[in-house]
Chemist: 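I have a structure here, written as structure tokens, and I will follow up with some questions on it.
All values reported here derive from a predicted model rather than from experimental measurement.
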Amino acid sequence: MKPLNHLTAWEAAAAIERGDATSTAIVQACLDRIAERNDEVRAFVACDPALALAGARQAEAATGPLRGIPFAAKDIFDTVDYPTEYGSPIYRGHRPATDAGCVALARHRGGVLVGKVATGEFATQTPSKAVNPLRVTHTPGGSSSGSAAAVADYMVPVAFGTQTTGSIVRPAIYCGVVGYKPSFGLIASAGMKALSPSQDTVGVITRDVADAAFFTLGLHGAHDVMAGTALRPRIGVCLSRQWDYAHASTIAAIDQAAARLERAGAQVSRFWLPAEFEALESMQLRLFAFEARQALAQERLSNEALLSPRLQARLRAGADIGLDEYTATLQHVAQMRARARALFDSCDVLLYPAAEGEAEAGHDYSGSPRYGAIWTLLHLPCVSFPLDIGPGGLPLGAQLVGPYGQDTRLLAAARFATSVLGPVPGPGQAG
């Protein structure tokens, strides 16, 4: 048997059900890994072994679909038994009175909260202190940096993350794991620090697609999440001007993956994203700037000196956006969300870059979020996964994008794709 902390969530649930392992033993193995590695990786910002083990013992008497499964929560979610600091000194030591909705629901279904993981400041582009466990001199991506690092380094099998532009799909690729941004609203955002409420989306980072389906659908009480995994999807390779920013190695990896998927029975076609959808990238930035300025008004007006210079500048950028522009933008985006269904008239899912290339060296820049901007604004579900190892020795990846509300079909298509393409070296290979 694998080391217990190497079990995926699906494997851990099966082992617990068979009696081959207990939640207490699995959680202890995760805690041992955190104790061994967190000083270097800095994924966890709060972890109390006594609390985690008490949760594991309680979970062993539960019957929910997530019974005994360890998970972590990005430090943007309120938790009653851990500080929630939102990646900001403004909230140092802050103790919420209740759990965020997704944390409460995961616990209700039998999951065991192991602790809180690092976030970029208020889930923005100002990096956390987490590093990439595959090569600690490199960024793990942002803003769900701690979520990706903790899962990639076998500290937990699942971690909640959030995406307002590209903050789940990119960190997952940089750390060689799977990022799942569901359809907007599929996982409740109550108790999450708002940034851009019309776009903020709760999702998960896991080590395989089956786990993303198992944990997310398990939140809603589902036990059987493997149906439809034999789907041979119609895949549309969606080209756009954003591809101009992708490294040649990323484009080559996507081309090779598309060819392999076609040989395995998928129908693969190529098309250009209509110009009116490409125009949404700049609109997404304006919408973010307006909403973030409102959502962080208290922090901006009362504690601006404690905000990072980068965030101060981004909030100032929204000062010239008036209410008329904002409401007109919302109306236009609503129309485009309705029109987005036509993108899938001849395909089930879209294949698209998830990051420019490999994780960047250094920790001051967490990579460009551009490849998530359009899809997050349109509220479409996305699954990112590694495709290959790039010339620098770190993962390259892509994402599949599905129609709004068709998450189970998207996950099935992603599981088909990853089963054909196979794993790439990555998680746990720290440098």
Chemist: Any heavy-atom pair between the side chains of P83 and R95 that's under 4.5 Å?
Modeler: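 In contact.
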Chemist: Charged N to carboxylate O below 4.0 Å: is that the case for R33 and E36?
Modeler: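 A salt bridge is present here (some side-chain N lies under 4.0 Å from a carboxylate O).
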Chemist: Within a 6.0 Å radius of atom CD on Q58, are there more than 12 heavy atoms belonging to other residues, nucleotides or ligands?
Modeler: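 No, the 6.0 Å shell around CD holds no more than 12 heavy atoms from other groups.
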Chemist: Main chain of T162, side chain of S144: is a donor-acceptor contact present, judged purely on distance under 3.5 Å?
Modeler: yes
Chemist: Without hydrogens or angle criteria, can the side chains of T376 and Q163 be said to hold a donor-acceptor pair below 3.5 Å?
Modeler: yes
Chemist: Measure across D208 and T206 and return the closest heavy-atom pair with its distance rounded to 0.1 Å.
Modeler: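 Answer, listing the atom of D208 first, then T206: O-OG1, 2.7 Å.
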Chemist: Donor-acceptor check, side chain of T418 to backbone of R415, threshold 3.5 angstrom: yes or no?
Modeler: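 Yes; judged by distance alone, with no hydrogens or angles, the pair exists.
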Chemist: Determine whether L287 and Y326 make a side-chain contact, defined as any pair of heavy atoms from C-beta on separated by less than 4.5 Å.
Modeler: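 Side chain of L287 against side chain of Y326, heavy atoms only: contact under 4.5 Å found.
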Chemist: Quick one: does any side-chain atom of T250 pair with a main-chain N or O of E356 as donor and acceptor, under 3.5 Å?
Modeler: yes
Chemist: Any salt bridge between K116 and E85, counting N to O under 4.0 Å?
Modeler: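 Salt bridge flag = no for E85 with K116.
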Chemist: What's the shortest heavy-atom distance between V158 and A9, and which atoms?
Modeler: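 That closest heavy-atom pairing would be CG2-CB, 3.7 Å.
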Chemist: Anything under 30° is parallel, anything over 60° is perpendicular, the rest tilted; go ahead and classify H6 against Y154.
Modeler: parallel
Chemist: Which atom names give the shortest non-hydrogen contact between I187 and P182, and what distance separates them?
Modeler: CD1-CG, 4.0 Å
Chemist: Between V45 and V117, is there a side-chain heavy-atom distance shorter than 4.5 Å?
Modeler: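 Contact flag for V117/V45 side chains = no.
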Chemist: Regarding K74 and the six-membered ring of F160, is the cationic atom NZ or CZ under 6.0 Å from the ring centre and inside 45° of its axis?
Modeler: no
Chemist: Check whether any side-chain N or O of D211 sits under 3.5 Å from a backbone N or O of T8 as a donor-acceptor pair, and report yes or no.
Modeler: no
Chemist: Report yes if some heavy atom in the side chain of T139 is under 4.5 Å from a heavy atom in the side chain of P127; otherwise report no.
Modeler: no
Chemist: Would R286 and D320 pass as an ion pair if we require N to O under 4.0 Å?
Modeler: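 So R286 pairs with D320 through a salt bridge.
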Chemist: Kindly indicate whether the side chain of I168, heavy atoms from C-beta on, has any atom under 4.5 Å from the side chain of I205.
Modeler: yes
Chemist: Without hydrogens or angle criteria, can the side chains of Y365 and Q125 be said to hold a donor-acceptor pair below 3.5 Å?
Modeler: no
Chemist: Does a side chain donor of either Y91 or D75 reach within less than 3.5 Å of an acceptor in the other side chain?
Modeler: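 Side chains of Y91 and D75: no pair found under 3.5 Å.
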Chemist: Work out which heavy atom in F385 is nearest to a heavy atom in I173; give both atom names and the distance.
Modeler: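 Scanning both residues completely, I find the closest heavy atoms to be O-CD1, 3.2 Å.
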Chemist: Could you verify whether a donor N or O on one side chain and an acceptor N or O on the other, from D407 and S183, lie under 3.5 Å apart?
Modeler: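 Short answer, yes.
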Chemist: Please tell me whether S196 and T164 have a donor and an acceptor in their side chains that are separated by less than 3.5 angstrom.
Modeler: no
Chemist: Do V41 and M155 have side chains that approach each other closer than 4.5 Å (heavy atoms only, starting at C-beta)?
Modeler: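 Yes. Closest side-chain heavy atoms under 4.5 Å.
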Chemist: Can you tell me if S366 uses its side chain to pair, donor with acceptor, with the backbone of G141 under 3.5 Å?
Modeler: no
Chemist: Can any side-chain N or O of H220 pair as donor or acceptor with the backbone N or O of L186 at less than 3.5 Å?
Modeler: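 Side chain of H220 to backbone of L186: a pair is present.
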Chemist: Just to verify, which of S143, S88, S308, S128 counts as forming a side-chain hydrogen bond (donor to acceptor under 3.5 Å, both in side chains) with E121?
Modeler: S308
Chemist: Just do the side-chain contact (heavy atoms from CB on, under 4.5 Å) check on E291 and S198 with the steps written out, would you?
Modeler: CA-CA 8 Å; E291 292 191 339; S198 70; 3.0 Å; yes
Chemist: A quick test of your reading: do over 12 heavy atoms of other residues, nucleotides or ligands sit less than 6.0 Å from CD of E304?
Modeler: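 It does: E304 CD has more than 12 such atoms within range.
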Chemist: Does any N or O in the side chain of R67 come within less than 3.5 Å of the main-chain N or O of A13, such that one atom is a donor and the other an acceptor?
Modeler: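 A pair under 3.5 Å: no.
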Chemist: Taking the six-membered ring for Trp, is the centroid-to-centroid distance between W375 and Y352 below 6.0 Å?
Modeler: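 Yes, ring centres under 6.0 Å apart.
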Chemist: What closest approach, in Å, do A59 and G110 show between heavy atoms, and which atom pair accounts for it?
Modeler: CB-O, 3.4 Å
Chemist: Here's one to test your reading of the geometry: is the NZ or CZ of R337 within 45 degrees of the ring axis of Y404 and under 6.0 Å from its centre?
Modeler: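 No, R337 and Y404 do not form such a contact.
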Chemist: Hey, is E278 close enough to R241 for a salt bridge, meaning N to O under 4.0 Å?
Modeler: yes
Chemist: Around atom NZ of K129, are there more than 12 heavy atoms of other residues, nucleotides or ligands at under 6.0 Å?
Modeler: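 No, NZ of K129 has 12 or fewer neighbouring heavy atoms, counting only those of other groups under 6.0 Å.
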Chemist: Testing the basics here: between P140 and A148, what is the closest heavy-atom pair and its distance to 0.1 Å?
Modeler: O-CB, 4.5 Å
Chemist: Taking the side chain as every heavy atom from C-beta outward, state whether C238 and V401 have any atom pair closer than 4.5 Å.
Modeler: no
Chemist: Is the side chain of R293 donor-acceptor paired with the backbone N or O of A289 at a distance under 3.5 Å, no angle test?
Modeler: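 No; zero donor-acceptor contacts below 3.5 Å.
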Chemist: Do N5 and D32 touch side chain to side chain, with heavy atoms closer than 4.5 Å?
Modeler: no
Chemist: Is it true that the side chains of R135 and T137 contain a donor and an acceptor less than 3.5 Å apart?
Modeler: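 No, no side-chain donor-acceptor pair sits under 3.5 Å.
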Chemist: Closer than 3.5 angstrom, by distance alone: can the side chain of E358 be matched with the main-chain N or O of P395 as a donor-acceptor pair?
Modeler: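 Not at all, since once roles are kept as given, no pair shorter than 3.5 Å links the two residues.
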Chemist: Checking Y371 side chain against Q242 main chain: does a donor-acceptor pair fall under 3.5 Å?
Modeler: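 Checking the backbone N and O of Q242 against the side chain of Y371, a donor-acceptor pair under 3.5 Å is found.
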Chemist: At what distance, to the nearest 0.5 angstrom, does CG of D20 lie from CD of E11?
Modeler: 12.0 Å
